[in-house]
Amino acid sequence: MKKIILLAAIALATISCKKEIKKETTDVTKEAIEVPAKETYLVTSEGTDIYWTAYKTTAKTPVKGQFTKINLKNAKATENPIDAFNGLEFSIPVSSIFSKNEDRDSKLQKFFFGVMDNTELLSGTFKINADKKCVINFTMNNTTFDLPLTYKIEGRTVIFNGLMQLKDWNALDAVASINKACFDLHKGEDGVSKTWEEVAIDATVYLKK
């Protein structure tokens, strides 16, 4: 009788071990086939800030501001941060210009953008080349011209920098117009009134998952 009980106990222990081994093997197999989801990057208007710096006086005194609104088209999620911009289209209402000075903003809308042709909106399309160089096919004053950009990636944030030469967009009449409207304000210590023909563009974009 004791021998039968001993054999039964050994059999039960063996079955239990087999079940545990089978369960462990199943868990390991399941973990092995699970693949982590790939991280993606998406440009959104809420995560985009656009800044500009113009210059006045012969000493090249900076005047800074931003555009508070941007509309996006063709945004797509990608696995590489900079690729999220390739083919991305945007438009910026010039009415969203903001420099913390209402009088200046009003003059810029009237005497700078207001004398341009068909420029209620600034618009463009990002192009990322094979070597990852970036340009914007930028339209202003009814003129389209490529604006080269440098960029750096910090985590999910991409920071762009570019320098517009306004003559490339046939906008020198607009420069003369705003200089005339702000003649005394653009004088430096030498008494010369000057508005520079270049504008620095900077953008900070936080990419959504």
Side-chain angles (χ1 to χ4, degrees), residues 30-55 62-102 104-105 108-109 112-113 116 118-166 168-169 171 196-209:
K30 185 179 179 182
E31 289 175 5
I33 63 174
E34 285 181 351
V35 179
K38 292 183 178 179
E39 195 167 21
T40 58
Y41 303 86
L42 177 68
V43 185
T44 65
S45 56
E46 293 81 7
T48 303
D49 294 310
I50 304 169
Y51 304 94
W52 52 266
T53 303
Y55 303 95
V63 178
K64 296 178 179 290
Q66 67 181 112
F67 292 100
T68 60
K69 186 174 182 180
I70 182 171
N71 305 305
L72 301 178
K73 184 179 178 182
N74 295 335
K76 58 185 182 296
T78 63
E79 294 177 10
N80 182 290
I82 195 62
D83 288 341
F85 294 89
N86 198 24
L88 179 68
E89 298 178 30
F90 67 88
S91 62
I92 302 169
V94 299
S95 59
S96 71
I97 197 166
F98 178 69
S99 66
K100 299 181 181 180
N101 183 314
E102 289 185 11
R104 178 191 295 134
D105 295 343
L108 285 168
Q109 289 186 50
F112 184 68
F113 294 114
M116 293 185 188
N118 192 26
T119 305
E120 291 182 0
L121 295 173
L122 306 175
S123 61
T125 303
F126 278 88
K127 297 187 295 183
I128 309 299
N129 300 327
D131 57 1
K132 297 300 182 183
K133 289 185 177 178
C134 178
V135 299
I136 293 178
N137 198 231
F138 190 77
T139 300
M140 179 177 72
N141 196 30
N142 228 17
T143 303
T144 302
F145 197 84
D146 278 352
L147 172 63
L149 298 174
T150 60
Y151 67 87
K152 61 180 178 179
I153 300 172
E154 298 179 352
R156 300 196 72 86
T157 300
V158 183
I159 301 169
F160 292 97
N161 305 103
L163 186 65
M164 294 185 68
Q165 299 294 340
L166 295 173
D168 292 335
W169 285 269
W196 289 73
E197 299 169 4
E198 60 187 36
V199 178
I201 303 296
D202 306 286
T204 301
V205 184
Y206 180 80
L207 299 171
K208 185 179 177 181
K209 291 184 180 181

Practice problem: Give, for atom CD1 of Ile136 and atom CD1 of Ile201, the distance between the pair rounded to the nearest 0.5 Å. | Solution: 8.5 Å
Exercise. Decide yes or no for Val205 and Phe85: does some side-chain heavy atom of the first lie under 4.5 Å from some side-chain heavy atom of the second?
Key: yes
Quiz item: Donor-acceptor pair, Asn141 side chain versus Thr143 backbone, under 3.5 Å?
Solution: no
Quiz item: Hey, are Thr204 and Asp49 close enough side-chain-wise for a donor-acceptor pair under 3.5 Å?
Solution: no
Exercise. Look only at the side chain of Ser99 and the backbone of Gly65, and say whether a donor-acceptor pair between them is shorter than 3.5 Å.
Key: no
Exercise. Of all the heavy-atom pairs spanning Glu89 and Thr125, show the shortest one and how long it is.
Key: CG-OG1, 3.6 Å
Quiz prompt | Closest approach of Tyr55 to Pro62 (non-hydrogen atoms, all atoms of both residues) | solution = CD2-CA, 3.8 Å
Self-check item: Point-to-point distance, once rounded to the nearest 0.5 Å, from CG of Asp168 to CD of Glu197
Solution: 10.5 Å
Exercise. Say whether, by atom type as modelled, one donor and one acceptor occur between the side chain of Asp202 and the main chain of Tyr51 under 3.5 angstrom.
Key: no
Exercise. Identify the two heavy atoms, one from Met140 and one from Phe113, that lie closest to each other, and give their separation to 0.1 Å.
Key: SD-CE2, 4.2 Å
Exercise. Specify whether Phe67 and Trp52 have parallel, tilted or perpendicular ring planes, treating 30° as the upper limit for parallel and 60° as the lower limit for perpendicular.
Key: tilted
Quiz item: Hey, what do you get for OG1 (Thr144) to CH2 (Trp169), rounding to the nearest 0.5 Å?
Solution: 9.5 Å
Quiz item: Which atom pair, heavy atoms only, marks the closest approach of Pro93 to Ser91?
Solution: CD-O, 4.1 Å
Self-check item: Thr157 side, atom OG1; Leu207 side, atom CG - distance, nearest 0.5 Å
Solution: 7.5 Å
Self-check item: Nearest non-hydrogen partners of Ser45 and Ile70, listed with the distance
Solution: CB-O, 3.4 Å
Quiz item: For Tyr206, does its backbone N or O pair with a side-chain atom of Arg156 as donor and acceptor, under 3.5 Å?
Solution: no
Exercise. Please indicate whether Glu120 has more than 12 foreign heavy atoms, meaning atoms of other residues, nucleotides or ligands, lying under 6.0 Å from its CD.
Key: no
Self-check item: Distance, nearest 0.5 Å, that separates CE of Met116 from CG of Asn118
Solution: 12.0 Å
Quiz item: Does any N or O in the side chain of Lys76 come within less than 3.5 Å of the main-chain N or O of Asn86, such that one atom is a donor and the other an acceptor?
Solution: yes
Self-check item: Shortest non-hydrogen contact from Lys132 toward Tyr151
Solution: O-OH, 2.8 Å
Practice problem: Measure the shortest side-chain to side-chain distance between Tyr41 and Val158 over non-hydrogen atoms and say whether it is less than 4.5 angstrom. | Solution: no
Exercise. Nearest 0.5 Å please: distance from the NZ atom of Lys73 over to the CG atom of Leu88.
Key: 11.5 Å
Self-check item: Aromatic plane relationship, Phe160 with Phe126 - under 30° parallel, 30 to 60° tilted, over 60° perpendicular
Solution: tilted
